[in-house]
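One structure is given below, encoded as structure tokens.
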Amino acid sequence: MSEHLQVYDYSTNDYQRKTQAKPSKMKTKYWLGKQQLRQKMGKEEDRWVVKGDYSLDAKLSYFHHVNHSCNELLLLCDRLQHHMKGLSLQELLLGKFLDARSKHE
């Protein structure tokens, strides 16, 4: 039964690589550069754009927080599965030992 269970192995480097995709970094740099250029040129942003960006930023921040929490839960579930497998193996060995001792006596 345990042969069919899939085990996820997330090292910290894999986790960081998956959570920080290159396209999102490029988009972030683009928007930051655009915002800095607008500020240096002295142009004001439309208040509706700023308000719309705030709402989107709040939703994205919430999404990233939930995504991070889910990844952490996956890691914890994998650790739990690993420990349960070890415990099950120890229980099996104890049962075989007790069975052998009862036949010996």
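This is a predicted model, so every value here is computed, not measured. Just the heavy atoms: all of them, side chains too, but no hydrogens, waters or symmetry mates, feed the values below.
- In this structure, CG on L80 lies 11.0 Å from NE2 on H82, to the nearest 0.5 angstrom.
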query: When you look at H68 and H65, which way does the side-chain contact (heavy atoms from CB on, under 4.5 Å) test go after all the steps?
result: CA-CA 5 Å; H68 178 73; H65 177 70; 5.7 Å; no

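- Between atom CD of residue Q81 and atom CG of residue L76 there is a gap of 13.0 Å, rounded to the nearest 0.5 Å.
- Annotation: side chain of L94 is in contact with side chain of L98 (closest heavy-atom distance under 4.5 Å).
- Between L74 atom CG and S69 atom OG the span is 11.5 Å, to the nearest 0.5 Å.
- Within the 4.5 Å cutoff, no side-chain heavy atoms of F63 are placed close to those of K59.
- K96 places none of its side-chain heavy atoms less than 4.5 Å from the side chain of D99.
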message: Set out, in order, the CA-CA distance, both residues' side-chain angles and the distance that settles side-chain contact (heavy atoms from CB on, under 4.5 Å) for N71 and N67, then state yes or no.
response: CA-CA 6 Å; N71 285 333; N67 189 19; 3.7 Å; yes

